[in-house]
Amino acid sequence: MTSPTIPSKDPVRVRFAPSPTGALHLGGARTALFNYLFARHHGGEFILRVEDTDRERSTEESVSGIFEGMNWLGLEWDSGPFYQSQRMERYLEAAHTLLSSGQAYRCDCLPDDLEARRKAAMAAGLPPKYDGRCRSRNVPSDKPHVIRFLNSRKGNVVVADLIRGDVVFDAEVLDDLVLLRTDRTPTYNFAVVIDDSDMEISHVIRGDDHINNTPRQIALFETLGESLPFFAHIPMIHGTDRTKLSKRHGATSVTAYREMGYLSDAMVNYIVRLGWSHKDQEIFSRAELIEFFDLDHVGSSPSIFNPEKLLWLNAHYMKTASGKDLLAQTLPFLPEEKDPLYPGTKETGPAAEQIIRAIDEWKGRTRTLVELGESLQPFLDRHFAYSPELSKKGFTAESIPVLRDLAVRFESLDVWDHDHLAGVLKSATEDLSLKLGQVASPLRGALTGQTVSPGIHEVLILLGRNESLSRIRRAIEHLGEKP
RNA sequence: GGUCCCAUCGUCUAGUGGCCCAGGACGCUGGCCUCUCACGCCGGAGACACGGGUUCGAACCCCGUUGGGACCA
């Protein structure tokens, strides 16, 4: 790779320009993130532009989905959203300016004809591009027609890509591309160039699926007399089968990951490391990302989405977050409790403190908010069910004496804290000639209905004396009922 | 089919001619810790696609091959 002295074109103005034809997927989110970080790093401006000229495929749902995804990831834009659909007269005007200066012309070739001629050219071993028939035909403006760019570019067009180095295209393969369709709507390449130059974009950072469009756009910029932005084409994100990420690779929209219990910070940290690196560092705070991010360490080969690593990052962010910070994000993953142990489990509710403590005990053991929500269940609901796993682990009628013994000791314990509880368990263990596990395990079953939980002392504290005792009594009853 | 891009452990990557018989991370795996499950800690297996050059020296530079991908059709 050639080396990039990253030019500092001042001021830095970048844009994220999604087509609202679907949700914000991982690749789009990463493109948005790179643009955002580049802007923040250089103190520039991050512009959001919605490329919705394709009225057939663009939807309101997609637009709001994209905004929602960006908001969730914390990618705040500084200006926009601008909609191409609201700039139609601008494209029309620009096309007519080119027309009157002789840099564009009307063409009324029919699609079928074009196709036939293209095939003929291919058969003759020529490139299948537009043959320029209408260049000098002077098609009258009252006939249905498209407006074509009169491409007079000769030689090579080189894209001085900040990531790939010089990418050379032969101008011969460039077409007289359509600027305006018969229905007066602009084509993608035309609208993009008009917008990028009107918005004075300094750096075009986009997926490399657009690199083949770039020489056409450059030819347009030049004809328009506009200075070129810098281009940076970032590699794609592929699915496990190494093809472009799409629906068949499972969840692709970023908001789907929010619903699966992923944290925004984890998601951002994961996608930023796809194609970008900063030495050996894996974990980045938002501030570090802004401080370190630049284009010189963006790689040029495509990467494959790896859900395992995302999961690991999510677990990392969960265990390092405070229970307090996790509370609001966790609440949506708790079912509506019918008989909450802690009433008012709202963020500001009276039980918030209790929930936070439970989250703090659990967050290091679960990898997503969904798992966290499930794990919290026995602590929120006094009508939890006993897991079928329990009896396999020795939670049987034989546990009754141990539980009875513990109940007596707990009733007379004066201070309900970690040290005193540990003391009780220790003496019970010794008096009964058991191992700690043989006491803790049935107790865990009685208190949570589960075979796994945070440390047994923490569970006792979380539930408190009354709830702990009532659960122990209930367990004795439950086990006694067994034949 | 045409144009363009890409190529380091399974995956994300460090590496910009000597520091590399290639480092980190996820995953996998052996162990320690331990009341369960996690976490954490210590260890292990695991890669420079291939072939030619250039050079005293190449993962790094050049050419080709192969493989993959994107776009257009």
Side-chain angles (χ1 to χ4, degrees), chain A residues 1-4 27 114-115 118-119 121-123 125-129 157 159 161 163-165 167-170 172-175 177 188-189 207-216 233-245 269-283 296-316 318-320 361-367 371 375 387 389-390 393-395 422 425-426 429 434-445 447-448 450-460:
Chain A
M1 190 178 101
T2 46
S3 82
L114 254 18
E115 187 55 29
R118 203 175 280 130
K119 285 210 170 108
M122 254 155 59
L126 299 167
K129 62 172 199 171
V157 179
V159 180
D161 195 278
I163 291 167
R164 288 165 206 284
V167 181
V168 181
F169 293 83
D170 185 341
E172 285 303 310
V173 307
L174 266 34
D175 236 331
L177 65 101
Y188 167 76
N189 282 310
D208 75 4
D209 45 346
H210 284 113
I211 197 159
N212 286 308
N213 284 321
T214 309
R216 297 167 219 284
H233 289 92
I234 62 184
M236 306 270 82
I237 298 176
H238 288 164
T240 323
D241 60 359
R242 294 173 187 281
T243 63
K244 201 174 171 180
L245 209 55
N269 200 144
Y270 178 70
I271 61 183
V272 81
R273 286 284 290 103
L274 250 27
W276 175 77
S277 61
H278 180 71
K279 310 208 176 100
D280 279 345
Q281 192 167 338
E282 295 286 348
I283 307 292
D296 52 358
H297 282 91
V298 174
S300 46
S301 55
S303 45
I304 294 172
F305 172 63
N306 179 206
E308 296 288 341
K309 189 152 183 177
L310 171 60
L311 200 53
W312 172 76
L313 273 164
N314 204 58
H316 171 83
M318 283 182 62
K319 71 170 173 269
T320 44
E361 293 302 337
W362 264 111
K363 68 186 191 193
R365 293 161 215 269
T366 56
R367 299 190 294 180
E371 287 176 20
S375 299
S387 160
E389 294 297 307
L390 277 171
K393 302 275 182 182
F395 187 66
L425 287 192
K426 187 159 185 281
T429 299
L434 295 172
K435 298 201 166 158
L436 182 51
Q438 294 173 293
V439 174
S441 180
L443 180 56
R444 168 173 294 109
L447 295 176
T448 67
Q450 302 295 317
T451 55
V452 308
S453 81
I456 196 68
H457 309 115
E458 284 70 32
V459 171
L460 285 161

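What you see is a predicted model, and the numbers here were worked out from it, not measured in a lab. Letters go in sequence order (proteins before strands), and every chain restarts at 1.
When the side-chain nitrogen and oxygen atoms of A:Lys319 are compared with OP1 and OP2 of B:G40, one or more of them lie within a distance under 4.0 Å. In terms of phosphate contacts, A:Thr451 brings no side-chain nitrogen or oxygen within less than 4.0 Å of OP1 or OP2 of B:U36.
In this structure, B:C20 makes no Watson-Crick or G-U wobble pair, since no nucleotide meets both defining distances under 3.5 angstrom. Base-pair partner of B:G30: B:C42 (Watson-Crick or G-U wobble, both distances under 3.5 Å). Across all strands shown, B:U36 forms no Watson-Crick or G-U wobble pair with both distances under 3.5 Å. If you check B:C4 for Watson-Crick or wobble pairing at under 3.5 angstrom, you find it paired to B:G69. In this structure, B:C9 makes no Watson-Crick or G-U wobble pair, since no nucleotide meets both defining distances under 3.5 angstrom.
If you check every strand for non-hydrogen atoms under 4.0 Å, A:Tyr270 touches nothing. No engagement by A:His316 is indicated, since no non-hydrogen atom pair under 4.0 Å with the nucleic acid exists. Looking at heavy-atom distances under 4.0 Å, A:Glu308 makes contact with sugar-phosphate atoms alone, never a base. Using a 4.0 Å heavy-atom distance criterion, A:Ser453 is classed as a base contact. When heavy atoms are screened at a 4.0 angstrom cut-off, A:Leu436 is found touching base atoms of the nucleic acid. Heavy atoms of A:His457 sit under 4.0 angstrom from at least one base atom. Within 4.0 Å of A:Pro454, counting heavy atoms only, lies at least one base atom of the nucleic acid. Nucleic acid contact for A:Ile304: sugar-phosphate only, since backbone atoms but no base atoms lie under 4.0 Å from a heavy atom of the residue. As judged by a 4.0 angstrom heavy-atom cut-off over every strand, A:Gly455 is placed among the base-contacting residues. Using a 4.0 Å heavy-atom distance criterion, A:Val439 is classed as making no nucleic acid contact.
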Just the table, please: protein N/O against nucleotides 43-45 of chain B N/O, every pair under 3.5 Å.
none

For residues 302-315 of chain A, dump all side-chain donor-acceptor pairs below 3.5 Å to protein atoms at least two apart in sequence or in another chain.
from: A:Lys309; atom 1: NZ; to: A:Glu282; atom 2: OE1; distance (Å): 3.1
from: A:Asn314; atom 1: OD1; to: A:Leu263; atom 2: N; distance (Å): 2.7
from: A:Asn314; atom 1: ND2; to: A:Gly261; atom 2: O; distance (Å): 3.2
from: A:Asn314; atom 1: ND2; to: A:Arg367; atom 2: O; distance (Å): 2.7

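Rounding to whole angstrom units, CG of residue A:Asp175 and P of B:G2 are separated by 17 Å. Here B:A38 presents its P atom at 18 Å from CG of A:Asn314, a figure rounded to the nearest Å. In this structure, A:Asp208 places its CG atom 10 Å from C1' of B:C71, rounding to the nearest Å.
With B:C6, B:A25, B:U13 as the choices, the nucleotide that has an atom nearest any side-chain atom of A:Pro302 turns out to be B:C6.
The main-chain N or O of A:Trp276 is found under 3.5 Å from a side-chain atom of A:Arg273 such that the two form a donor-acceptor pair.
For a distance-only test at 3.5 Å, the side chain of A:Arg365 qualifies as a donor-acceptor partner of the base of B:C37. Judged by distance alone with a 3.5 Å cut-off, a donor-acceptor contact links the side chain of A:Arg444 to the base of B:C35.
Residues passing the salt bridge (Lys or Arg N to Asp or Glu O under 4.0 Å) test with A:Asp209 are A:Lys244, sequence neighbours excluded.
Of all the heavy atoms in A:Ile211 and A:Phe169, the pair that sits closest is O-CZ, 3.8 Å.
Nucleotides B:C71 and B:G15, compared at atom C1', are 31 Å apart to the nearest Å.
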